[in-house]
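To start, the structure itself, in structure tokens.
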2 protein chains.
Amino acid sequence: MATPQTGAGDPQRSLELLWREFGPQHSKPGPKPKLTVERIVEAAIAVADREGSCFGMRSVSAELGVGAMTIYRYVPGKRELIDLMVDRLSRIGSGAPDLGTLDWRDGLELVAEGTWEVYRDHPWLLEINQKRPVLGPDSLAGYDFVLAAFAAHDLPDKEINLATTAVMNIVTGTARQYLIRDSAEERPETAEEDWWRAQAPYLEHAVASGRYRHLGRFSDPEAWDLTGHDAMRYALDRFLDGLAPRMEASRRKPA
Amino acid sequence: MATPQTGAGDPQRSLELLWREFGPQHSKPGPKPKLTVERIVEAAIAVADREGSCFGMRSVSAELGVGAMTIYRYVPGKRELIDLMVDRLSRIGSGAPDLGTLDWRDGLELVAEGTWEVYRDHPWLLEINQKRPVLGPDSLAGYDFVLAAFAAHDLPDKEINLATTAVMNIVTGTARQYLIRDSAEERPETAEEDWWRAQAPYLEHAVASGRYRHLGRFSDPEAWDLTGHDAMRYALDRFLDGLAPRMEASRRKPA
DNA sequence: CTATTACTGGGTACAACGTACCCGATTGAA
DNA sequence: TTCAATCGGGTACGTTGTACCCAGTAATAG
């Protein structure tokens, strides 16, 4: 029943942890730490993949085989841990080619598909309510990666920002509608059937009442038979169609 | 810390409540109910507007001036209550003109703007994790309302579905990025400043390191100065630009 | 070497949450 | 009038995040 909010707690603490490898590392008294922040983040992602976004801190502790409160020695709280998990999964495009070598459209499609795959593999990401995005090394690298798609053009900075934001929000918005429902569910296919079976009588009654005129004209039963990926691609493709003239007009001339 | 999930609990119960006015109403023994489902949903929305999506059932009870458990006589649980709240706020376009009298593009823009306003007034809606949408009378009416925009065209049913889904997801995706952060916050403007002040040194250090080549070229400081509404309109406008040729090609000829 | 001191992991405990359950009061139907 | 179903309210339980305390450990100062 619990899904967390993040980015609101203490951004300062999250930031210190996100950029921790850039800080000083002097030796200190006391026992050697048994864990590392990396291991905790990795374990938490594994638990969230299994249990969904409502994973508990006690599950993370159990996954690591330590006491319930031990991980609090490394991470100030759950919100900050989620900030770390989100940044960790923003490592898209690390294996992909440099977008500078691709056409702008192929590049943006690659970014969208890559992001879609991250959401498909970790649907609980879509249930995280980020108040403000906490920018870590990996999310910053991801953003830098996208910007390469615009390198050969002279689009104004503001419009570059608008366009990349749009692509990300199209992917995220569609993913939220289609991918959340499969997260942490025992039998997704039967759940889908049950759901339709429950709705059907009410829908038929409603349409038969004549109060919904346009819905009744929706005859093709295959109209509803579309995947989340189809929906994402349609929105993305039309958006890129609309962006194309502006990109072509701003193509940088070779000097 | 708690944001609920919905659509997963018992859809059957939610549906019975959503379509309750269409069911039989026979008199039964026992005292007259003090409350109605409508009043509870209305009160819950008021509480959520004030406290955010992490509102508690006890707050709803207090808002109505009844005992903590009383509302459970009317609503089986929190998840089902949220289903009712979501459907209640799907009453868009009730005061708007019939989309059949408008151009398709004006119609879709109207729907997008109306949805945006609902999210602006009730940002907690964006934090609700709907597993599957539970279709009630109001959300069905909203969908029927959108379909009117395609009445004068011969677009295939499947593509109508794809296009409307795309518009809704563009609005929802952008709203989620920009509107959640202001939900249930004491001082949104100072929070924004604090957040940037916390990030700035890390960002500067990162950019100065040269690891993020394209980010460094982002010179115009105004590039980041955009509102959520700007971002939504840009994504929507480019999408509609891309949809336009297909809509024009499918315009129904007068017989 | 010893004493100091910071830091470790583990355990207990608390407040807030959703809600199962029980109870006395109330009211329509037989 | 009697019966039974339903009402509002109160108590209590399990689960959550996490504040706090404690005993053990290891680097450093003398």
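Below, chain A is the first sequence line, B the second, and so on; all start at residue 1.
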Figure out the CZ/C1' separation between B:R39 and D:dG8, and round it to whole Å. 14 Å
Options D:dG9, D:dT16, D:dT6, nucleotide nearest the side-chain atoms of B:P31: D:dT6
D:dG8 phosphate, OP1 or OP2, under 4.0 Å from B:K34 side-chain N/O: no
A:R73 atom CZ is separated from C:dA6 atom P, nearest whole Å, by 14 Å
Show the nearest heavy-atom pair for residues B:V118 and B:L89, with the distance to one decimal. CG1-O, 3.8 Å
Let me know the distance between CD1 of A:I71 and P of C:dT8, rounded to the nearest Å. 15 Å
Which whole-number value in Å describes the distance from B:K32 NZ to C:dA25 C1'? 16 Å
Give the rounded distance in Å between these two atoms: CZ of A:R13 and P of D:dT18. 12 Å
Once you round it to whole Å, what is the distance between C1' of C:dA20 and OH of B:Y72? 10 Å
Output the single nucleotide from C:dT8, D:dG9, C:dT19 whose closest atom is nearest the side chain of B:V66. D:dG9
Take B:G77 and B:P29, find for each the nucleotide of DNA chain C with the closest heavy atom, and name the residue whose nucleotide sits nearer the 5' end. B:G77
Measure CD1/A:I40 against P/C:dG9 and give the value in whole Å, please. 8 Å
Nearest of C:dG9, D:dT18, C:dG18 to any side-chain atom of B:M57? C:dG18
Which listed nucleotide (D:dG17, D:dT6, C:dG11) is nearest to the side chain of A:M69? C:dG11
For A:W116 and A:H229, take the angle between the two ring planes, folded into 0 to 90°, and tell me which bin it lands in: parallel under 30, tilted 30 to 60, perpendicular over 60. perpendicular
Need one value for B:L35: base, sugar-phosphate or nothing, where a base atom within 4.0 Å counts as base even if backbone is also close, heavy atoms only. sugar-phosphate
Roughly how many Å is it from NZ in B:K28 to P in D:dA5, rounded to a whole number? 12 Å
Carboxylate-amine/guanidinium contact B:R50 B:E63, below 4.0 Å: yes
Would you say B:Y74 reaches D:dC7's phosphate, i.e. side-chain N/O to OP1/OP2 under 4.0 Å? no
Checking side-chain polar atoms at under 3.5 Å, does B:S90 have a donor or acceptor matched by the opposite partner on B:D138? no
Please tell me whether B:Y119 and B:T172 have a donor and an acceptor in their side chains that are separated by less than 3.5 angstrom. yes
Closest to side chain of B:R58, choosing from C:dT19, D:dT18, D:dC7: C:dT19
